[in-house]
There are 2 protein chains.
Amino acid sequence: MLLSRYFLPVLKEKPVEAQVVSHSLMLRSGMIRQSSAGIYSWLPLGLKVLKNIENIVRFNMDASGFVELLMPCVQDASLWRESGRFDVYGREMLSFKDRHDHDLLFGPTNEELITDIVRNSFQSYKELPKVLYQIQWKFRDEIRPRFGVMRGREFLMKDAYSLDIDMESAIRTYDQVFVAYMRTFRDLGLNAIPLAADPGEIGGELSHEFHVVADTGESTLYYDKKFDILGDTLAGDINQLKSLYAATEEKHDPDNCPLSKSELSVRKGIEVGHIFNFADKYSKPMNAMVNDSNGRLVPIQMGSYGIGISRLVAAIIEVSHDERGIIWPMQVAPFKVSIINLNIKDDKCNQISRSLYNQFVDQNIDVLYDDTGDSPGAKFATHDLIGSPWQIIVGPKKAGSDLVELKHRQSGEVQDISVDSAAIEIISSLHVK
Amino acid sequence: MLLSRYFLPVLKEKPVEAQVVSHSLMLRSGMIRQSSAGIYSWLPLGLKVLKNIENIVRFNMDASGFVELLMPCVQDASLWRESGRFDVYGREMLSFKDRHDHDLLFGPTNEELITDIVRNSFQSYKELPKVLYQIQWKFRDEIRPRFGVMRGREFLMKDAYSLDIDMESAIRTYDQVFVAYMRTFRDLGLNAIPLAADPGEIGGELSHEFHVVADTGESTLYYDKKFDILGDTLAGDINQLKSLYAATEEKHDPDNCPLSKSELSVRKGIEVGHIFNFADKYSKPMNAMVNDSNGRLVPIQMGSYGIGISRLVAAIIEVSHDERGIIWPMQVAPFKVSIINLNIKDDKCNQISRSLYNQFVDQNIDVLYDDTGDSPGAKFATHDLIGSPWQIIVGPKKAGSDLVELKHRQSGEVQDISVDSAAIEIISSLHVK
């Protein structure tokens with residue numbers, strides 16, 4: 001992408017309304033723009049990150065054999081009356097009437113709608129187990145939206161729903177999703193802690209939250225220090241994962257904690273995922289039944305599984321930034337490399353920049369070429385702010401000797417390197433990842 | 001995808017509520033499920049088609065240098081008060097209040113919101129021209145939703161917005177989008193007619209609609225027969241496109257038509273795109289101004305450009321089906337090939353089917369392997385219904401001689417072919433496309 005043709009409205013000033021660093025950096029880097037309290041437009045740079053995260057989540061869902069569908073944003077209130085949640089969900093549900101005075105709502109979650117779909121589609125235990133998922137915008141009318149997309153009102157969520165014939169099978173499926181979640185967070189470059197949790201309004205008895213450790217988190221996490229040591233090597237081993245102590249504030253009981261103080265990490269965290277098994281809480285009142293192997297009609301055992309995709313954008317920034325801006329993990333970076341042409345009136349700079357740009361485009365690598373007339377200082381500030389993992393700086397002096405500067409955003413290391421080697425070094429670093 | 005693990009709830013009966021063939025076939029093939037009047041869930045098969053169309057639209061937008069962003073579904077009514085449309089848009093707008101009694105609406109279109117974004121982002125003519133686009137769900141509270149996703153209430157639209165410094169530049173941009181649209185419809189396998197149109201509530205004087213010719217269309221089209229003859233060879237030539245007569249019902253004046261009766265096609269059509277230049281209709285009241293080359297503040301000249309993505313799914317089916325089901329054009333087909341195993345208890349059938357399946361998966365070709373215990377008759381009906389362009393039928397008799405049947409859905413031609421040649425034939429047919 002040529003920056004001159006892109007739409008990247010970066011802000012020079014720190015926005016006064018931002019209380020957390022991710023909100024500030026997302027506004028400053030032109031990723032989002034607020035359109036109403038807790039409701040944001042995703043500008044091109046922000047949308048690229050959102051899609052990269054979405055694709056990593058989708059990859060891990062598909063690899064687990066889960067099947068994607070897409071439910072509408074607007075739901076019929078009648079389904080929520082069947083489950084009994086319409087009147088108890090509270091004012092976080094945005095409900096309204098259409099022109100025919102029919103009650104509708106903007107879905108805050110989809111247990112009712114998926115139950116309606118499956119009750120008309122499945123007859124037999126032979127068609128189960130199944131996990132269906134979607135990636136769709138939700139709305140929760142937070143009384144006090146804050147922290148940008150971290151606690152917004154309209155937000156993008158991956159929500160999955162599992163269907164099993166009995167509780168034994170349902171727990172096997174629950175564990176499969178658990179592992180898929182750990183892999184997803186690992187692939188996003190995050191060390192997520194899975195904590196035994198309170199199911200809350202969704203219902204059921206078995207529930208885990210997944211949190212990213214960050215000082216700006218709103219929740220307090222209590223967990224075995226082994227999580228910090230073992231890190232994402234845990235991602236595949238469900239038995240070990242479940243054997244290690246970890247609990248949310250609501251669940252943690254200091255008097256009954258199996259760990260000594262020295263074994264326990266107490267940290268702040270940002271919730272990025274939540275999974276539930278709620279048995280027949282929705283299938284029973286909504287009559288979602290199938291025949292079991294004895295020919296008896298039984299309610300489908302269900303669970304639901306959420307990942308906050310738009311919130312993950314902010315969570316990743318909270319754990320990966322410095323005073324100059326965002327430091328994207330390679331996997332989610334909107335641009336893997338920025339080419340910074342320091343003098344667009346210099347033929348040699350233009351020729352080198354353009355040739356490097358074409359190499360990345362040919363390799364299908366997301367590259368941003370700063371071909372604007374901005375000053376060198378402004379360009380350095382912009383590309384540090386937007387956090388491309390690599391920067392290639394093309395200046396007139398070094399260009400004369402066919403050299404460029406290669407800067408690694410995370411370490412800050414800068415090296416002089418020949419034009420030919422710069423692209424090779426970056427491309428090979430991408431293939432290792 | 002293994003059909004046994006997929007979610008494909010096909011219906012045996014014709015749904016009584018469906019008045020048009022696309023609605024009926026989308027319900028029967030398990031592509032969609034209605035959740036409320038004019039509001040649909042997209043089941044896995046339907047979602048795949050929707051995404052294929054979305055990607056073809058996106059490819060052509062990106063190739064034209066247009067930049068993608070994403071605006072929220074829920075908009076602030078205050079912006080629509082600024083433009084003056086809040087009180088005149090009418091009851092097709094779904095508006096509601098949040099818990100703080102603040103007026104919101106589910107966006108039926110986004111002229112106001114994009115104008116709000118750009119008025120705070122652009123200062124100078126040097127940053128123009130620009131075309132920004134999104135692919136996002138919209139809601140129009142149709143008084144009588146009908147024909148499935150053809151005239152639904154919640155629908156997926158690609159909407160683009162152009163920003164130019166003056167009318168001369170704005171018309172150049174308009175023509176660029178015009179050509180991008182013709183290429184998009186060509187790539188979707190459609191012959192679309194661009195007709196001079198009435199701008200209606202969006203405003204402005206310059207407008208074209210794009211229609212797919214179909215007997216079930218709701219509009220009457222009047223156009224030069226050369227469109228039928230030249231077809232998609234016209235896709236790149238804006239001058240020729242604009243020189244040929246074509247008008248919608250509202251625009252066509254029989255007394256002033258430049259064509260004789262024998263030169264004129266009068267056909268029914270389905271509207272799949274609509275483009276507008278509306279000059280400063282929104283930028284002026286909303287104060288979206290930039291400096292021109294003389295340093296004067298002038299309102300940005302704007303246009304908007306829509307493609308109905310969810311409607312296109314239905315439109316393609318209207319023009320491409322037979323009495324047994326859908327016939328997908330290769331580009332949008334959810335599965336390029338179905339492998340139909342006639343006897344899953346036969347080792348040889350299983351081994352051949354699985355080996356073919358793996359070849360397609362390795363080549364990243366969307367393949368559906370029918371590994372269910374359904375009868376051969378039921379399987380033939382299902383795969384004709386869901387319209388995969390190719391079917392490979394693996395039966396026990398021919399399998400003994402390492403032969404399979406290769407069926408071409410569109411022509412109905414069936415040939416015996418060696419197992420090795422079947423995959424080669426299909427893969428080479430895909431690469432030609």
Side-chain angles (χ1 to χ4, degrees), chain A residues 1-2 4-7 9 30 33 35-37 39-44 46-48 50 65 67-79 91-92 94-100 102 104 106 113-114 116-118 120-122 126-127 130 132 134 136-137 139 141-143 153-154 373, chain B residues 1-2 4-7 9 30 33 35-37 39-44 46-48 50 65 67-79 91-92 94-100 102 104 106 113-114 116-118 120-122 126-127 130 132 134 136-137 139 141-143 153-154 373:
Chain A
M1 178 59 68
L2 303 182
S4 61
R5 300 206 188 153
Y6 202 50
F7 177 48
R33 182 70 61 83
S35 76
S36 188
I39 305 179
Y40 292 86
S41 291
W42 291 78
L43 304 190
L47 180 59
K48 277 179 87 81
L50 200 66
V67 182
E68 187 176 6
L69 45 62
L70 187 66
M71 291 175 270
C73 294
V74 176
Q75 301 185 18
D76 204 299
S78 62
L79 291 174
R91 297 190 64 193
E92 273 192 20
L94 182 69
S95 61
F96 39 83
K97 289 178 187 291
D98 69 11
R99 65 191 298 171
H100 299 298
H102 188 85
L104 299 173
F106 199 124
L113 194 41
I114 198 80
D116 180 53
I117 290 170
V118 305
N120 295 309
S121 305
F122 292 101
K126 291 180 188 163
E127 300 165 84
K130 218 134 235 165
L132 304 174
Q134 68 166 352
Q136 178 62 299
W137 293 90
F139 200 98
D141 200 0
E142 296 270 354
I143 190 160
R153 293 198 290 174
E154 187 171 323
Chain B
M1 179 57 68
L2 303 182
S4 61
R5 299 205 188 154
Y6 202 51
F7 177 48
R33 182 69 63 81
S35 76
S36 188
I39 305 179
Y40 292 86
S41 290
W42 291 78
L43 304 189
L47 180 59
K48 278 179 85 80
L50 199 65
V67 181
E68 188 175 6
L69 44 62
L70 187 66
M71 290 175 270
C73 294
V74 175
Q75 300 184 19
D76 204 299
S78 62
L79 292 174
R91 297 190 65 193
E92 274 193 18
L94 182 68
S95 61
F96 39 83
K97 287 176 188 293
D98 68 11
R99 65 194 294 171
H100 299 299
H102 189 84
L104 299 173
F106 198 126
L113 194 41
I114 198 79
D116 180 53
I117 291 170
V118 305
N120 294 309
S121 305
F122 291 101
K126 290 179 188 164
E127 299 166 83
K130 216 132 235 162
L132 304 174
Q134 69 166 352
Q136 177 64 298
W137 293 91
F139 200 98
D141 199 0
E142 295 270 354
I143 190 160
R153 294 198 290 173
E154 188 171 322

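Letters A, B, ... mirror the listed sequences (proteins, then strands); counts begin at 1.
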Tell me which of these, A:Leu50, A:Asp116, A:Leu2, A:Asn120, has more heavy-atom pairs under 4.5 Å with chain B than the rest. A:Asn120
Using every non-hydrogen atom in the two residues, find where B:Ser41 and A:Met71 come nearest and quote the distance to one decimal. OG-CG, 3.6 Å
Contact class of A:Ile117 relative to chain B, heavy atoms under 4.5 angstrom: both
For the candidates B:Ala37, B:Gly46, B:Ser35, which exhibits the highest count of non-hydrogen atom pairs separated by less than 4.5 Å from chain A? B:Ser35
Who among B:Ser95, B:Gly30, B:Ser36, B:Gly65 has the most heavy-atom pairs with chain A under 4.5 Å? B:Ser36
Region of A:Glu68 that comes under 4.5 Å of a non-hydrogen atom in chain B: both
Should A:Arg99 and B:Glu92 count as side-chain neighbours, where that means a heavy-atom distance under 4.5 Å? yes
Measuring only between side-chain heavy atoms, which start at C-beta, is B:Cys73 closer than 4.5 Å to A:Phe106? yes
Of the listed B:Asp76, B:Val74, B:Leu79, the one with the largest count of heavy-atom pairs under 4.5 Å with chain A is B:Val74
Name the region of A:Tyr40, side chain, backbone, both or neither, that has any atom closer than 4.5 Å to a heavy atom of chain B. backbone
Which atoms form the tightest heavy-atom contact between A:Asp98 and B:Arg153, and what is the distance? OD2-NH1, 2.9 Å
Does any part of the side chain of A:Gln136, heavy atoms only, come nearer than 4.5 Å to the side chain of B:Trp137, both counted from C-beta? yes
Could you look at A:Ser78 and say if it's the side chain, the backbone, both or neither that has a heavy atom under 4.5 Å from chain B? neither
List for me each residue that meets side chain to side chain contact (heavy atoms under 4.5 Å, CB included) alongside B:Lys97, sequence neighbours excluded, and say none if there are none. B:Asp101, B:Asp103
Taking C-beta and beyond as the side chain, do B:Ser121 and A:Arg33 meet within less than 4.5 Å on heavy atoms? yes
Quick one: what part of A:Leu104 sits under 4.5 Å from any heavy atom of chain B, side chain, backbone, both or neither? side chain
About how many Å separate CD of A:Gln75 and CD1 of B:Ile39, when rounded to the nearest 0.5 Å? 9.5 Å
From the list A:Leu69, A:Val67, A:Leu70, side chain to side chain contact (heavy atoms under 4.5 Å, CB included) partner of B:Leu43 resolves to A:Leu69
Applying a strict 4.5 Å limit to non-hydrogen atoms, the region of A:Glu142 in contact with chain B is backbone
Taking side chain to side chain contact (heavy atoms under 4.5 Å, CB included) as the test, write out the residues that go with B:Lys130, two or more places apart. B:Phe122, B:Leu132, B:Leu163
